[in-house]
S.K.: 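Have a look at the structure that comes next, please.
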Amino acid sequence: MSSTARQAPPAPGAPGAGAPVPGGGGSDRARRRSPAVALLARPEVGVLLGALAVLVFFLVAAPAVRHGGSTATILYQSSTIGIMALPVALLMIGGEFDLSSGVAVITSALTASMLSYQLTVNVWTGVVVALLVSLAIGALNGWLVVRTGLPSFLVTLGTFLILQGVNLAVTKRVTGNVATDDISDMDGFDRARQIFASSFGVGGVQVKTTVLWWLLFAALATWVLLRTRFGNWVFAVGGARESARAVGVPVDRTKIILFMAVGFGAWFVGMHNLFSFHTVQSGEGVGQELIYIAAAVIGGCLLTGGQGSAVGPVFGAFMFGLVNQGIVYAGWNPDWFKAFLGVMLLGAVLVNLYVRRTASRR
Amino acid sequence: MTTDAIGTHGGAAAGTPPPGGTPLAELRGAGKSYGAVRALHDVDLAVRPGRVTCVLGDNGAGKSTLIKIVSGLHRHTEGEFLVDGAPVRFRSPRDALDRGIAAVYQDLATVPLMPVWRNFFLGSETTRGPWPFRRLDIAAMKRTADSELRSMGIALDDLEQPVGTLSGGQRQCVAIARAVHFGARVLVLDEPTAALGVKQSGVVLKYIAAARDRGLGVVLVTHNPHHAYLVGDHFSVLRLGTLELSADRSEVSLQELTHHMAGGAELAALEHELAQVHHAGAEGPPEGDPCAPVTTGTEEGTP
């Protein structure tokens with residue numbers, strides 16, 4: 001096979017030299033995109049610009065945001081959303097949803113808390129059991145989705161309702177109350193608190209460890225997504241499930257692992273809640289799942305799967321934290337928070353849509 | 001018919017001995033039912049190295065079902081499926097790939113949003129490093145993808161561009177080059193020219209010939225007898241889930257092939273019926289079992 005007339009330049013040996021193929025030759029679709037356009041087409045660039053815009057806005061409108069302490073608070077707020085937004089984003093890139101992620105956080109915290117307290121064992125036993133329960137919930141979600149072929153929206157709506165009911169009913173039955181008992185004086189609590197809910201000083205400002213975990217998980221997720229086989233599969237199962245299956249990608253396994261990653265995130269945030277507040281309110285968590293999904297979408301993840309990043313949701317979660325605290329620092333009525341978020345979500349989606357259409361126009 | 005050697009069906013008069021020993025892959029009296037629906041019944045097919053076996057048929061003739069069995073997406077419910085002479089039952093396309101059978105599908109050959117090089121290696125990624133740090137060997141993959149594509153005559157400036165931005169023909173070629181690179185011995189192509197213009201179709205057919213010349217057994221599924229006749233060595237025409245014709249290139253002309261594709265035997269029967277209706281002036285007779293006249297018709301229908 002020598003080079004063919006239209007598709008190959010005359011010298012097959014020459015490496016893909018930067019010179020773009022002339023557009024007039026008929027195969028203009030192979031034209032190389034300009035670097036600027038290619039950059040703008042990256043899903044996370046739009047949200048970066050958006051986050052910067054909102055940051056500048058609040059730096060001007062709410063001078064208190066400029067203080068180190070406020071920054072730490074904003075970052076803390078962002079991290080509790082961001083740690084969950086990461087696996088939720090990966091799952092979304094893989095083409096699925098998890099509506100049960102919000103209440104799963106509470107389920108995890110309740111499991112660890114009640115198990116340790118009722119059996120009077122070291123809290124680490126509860127922590128480990130809670131991890132297993134969270135992973136099992138994720139695996140069950142994933143298994144149901146891949147086995148039934150039902151939309152994950154429906155399956156996880158089911159688990160969302162189940163967990164919400166179980167959280168309340170079991171907690172009331174065991175403790176006779178809607179909240180769990182305080183476990184702060186139990187064995188292992190201090191050590192666990194150190195890992196999940198402590199803070200450290202940076203330049204006289206106390207920063208929560210969750211911020212570090214958040215960034216660490218984000219780096220790990222980015223590496224997995226872009227540099228490993230599994231990451232390749234995540235994009236593939238979300239972008240074209242049947243194509244992926246046809247070339248030998250283990251589609252079902254990939255999806256189940258993604259659901260279990262959400263379970264892991266729920267466990268981590270659940271442990272943070274438990275060890276920073278000592279007790280768990282069993283009715284909480286409802287509605288959080290939508291915040292996580294919104295952060296992922298604002299972060300440039302395609303709702304239908306196949307495109308997105310782990311960096312985008314970091315900025316998405318940061319915007320949430322920023323707006324949440326910024327409104328308070330600006331002295332406005334916090335009731336406006338959700339309205340502001342809604343506008344931001346729509347804005348981000350529209351900008352992403354516009355950018356993607358412009359950039360991918362050939 | 002189920003145990004007969006390939007080539008006797010339709011081309012019985014010629015009685016050609018199968019060229020080149022054991023086929024790479026072979027269906028014997030194979031069939032597939034989806035619940036009560038019988039999509040494929042009693043089909044023989046042999047894939048031999050360095051030869052292009054064309055599977056032709058109208059919409060709903062069972063072409064897709066047939067290649068899904070061969071490529072491991074579906075399992076046959078009757079008859080036998082042999083690879084290298086030994087019966088197999090694939091559980092997934094992975095099994096088929098491991099035995100050297102690769103399929104390139106019309107609509108699901110690639111993942112549109114993913115870069116060319118990622119598509120090229122999807123499912124068979126090259127990695128380096130020990131386990132916890134095992135990572136994609138991106139440089140090597142890009143290099144290999146580029147040289148493989150160039151050897152098939154496709155030069156792309158930017159392997160990072162999403163496959164969705166390539167033309168339909170280029171996308172097919174990427175998928176074919178990928179299958180060839182990963183050591184496919186049998187290449188199953190599902191309607192590779194269906195959505196393409198004349199020029200693009202020509203490009204794809206040229207790659208099919210290139211793959212054949214490399215010694216691969218090619219199964220070309222199409223409903224275009226003209227494209228099939230350009231590259232085909234053996235032709236199997238499916239009709240309503242059964243084999244209407246199975247003939248070597250020497251036994252059939254393009255005209256006959258087109259005739260069969262148009263439902264030759266059935267058309268003749270229809271003509272006859274219409275004539276009767278005309279004479280009797282009666283109501284149109286109800287459609288009979290379409291399978292029956294077809295199978296008997298083929299024997300005489302093939303000169």
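In what follows, chains carry the letters A, B, and so on, assigned in the order in which the sequence lines appear, proteins first and then strands, with residues in each chain numbered from 1. Please read these numbers as outputs of a predicted model, since none were measured by experiment.
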S.K.: Quick one: closest heavy-atom pair of A:Ala246 and B:Pro93, and the distance?
M.R.: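 Distance-wise, the nearest heavy atoms are O-CB, 3.6 Å.
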S.K.: Please classify the contact of B:Arg118 with chain A as side chain, backbone, both or neither, using a heavy-atom distance under 4.5 Å.
M.R.: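 Interface part for B:Arg118: both.
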S.K.: In terms of heavy-atom pairs under 4.5 Å, which option from A:Pro250, A:Gly238, A:Gly306, A:Ala236 contacts chain B the most?
M.R.: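 Most pairs with chain B among the choices: A:Ala236.
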S.K.: More than 12 heavy atoms of other residues, nucleotides or ligands under 6.0 Å from CH2 of A:Trp124: is that the case?
M.R.: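 Count over threshold, so yes.
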S.K.: Which answer fits B:Leu97, side chain, backbone, both or neither, if we ask what part of it has an atom under 4.5 Å from a heavy atom of chain A?
M.R.: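 Contact with chain A: side chain only.
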S.K.: I need the B:Ile138 CD1 to A:Asn232 CG distance, nearest 0.5 Å.
M.R.: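 B:Ile138 CD1 to A:Asn232 CG: 9.0 Å, rounded to 0.5 Å.
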S.K.: To the nearest 0.5 Å, what is the distance between CG on B:Leu136 and CZ on A:Phe230?
M.R.: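 Output value for this atom pair is 12.5 Å.
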S.K.: Could you check whether any side-chain heavy atom of A:Val247 comes within less than 4.5 Å of a side-chain heavy atom of B:Val111, counting everything from C-beta outward?
M.R.: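 They are not in contact (no side-chain heavy atoms under 4.5 Å apart), so the answer is no.
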S.K.: Given the options B:Gly123, B:Ser92, B:Ala209, B:Gly129, which has more heavy-atom pairs under 4.5 Å with chain A than any of the others?
M.R.: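 It is B:Gly123.
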S.K.: Got more than 12 heavy atoms from elsewhere within 6.0 Å of CZ, B:Arg89?
M.R.: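 Atom CZ in B:Arg89 is crowded, with more than 12 foreign heavy atoms closer than 6.0 Å.
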S.K.: Measuring heavy-atom distances to chain A, does B:Thr127 have an atom under 4.5 Å in its side chain, in its backbone, in both, or in neither?
M.R.: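 Contact with chain A is through the side chain of B:Thr127 alone.
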S.K.: Hey, is OH on B:Tyr34 packed in by over 12 heavy atoms from elsewhere, all under 6.0 Å?
M.R.: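 Counting neighbours around OH of B:Tyr34, more than 12 heavy atoms of other residues, nucleotides or ligands fall under 6.0 Å, so yes.
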S.K.: To check you understand the geometry: which heavy-atom pair defines the closest contact between B:Arg134 and A:Trp223, and what is its length?
M.R.: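 Closest approach of B:Arg134 to A:Trp223: O-CH2, 3.7 Å.
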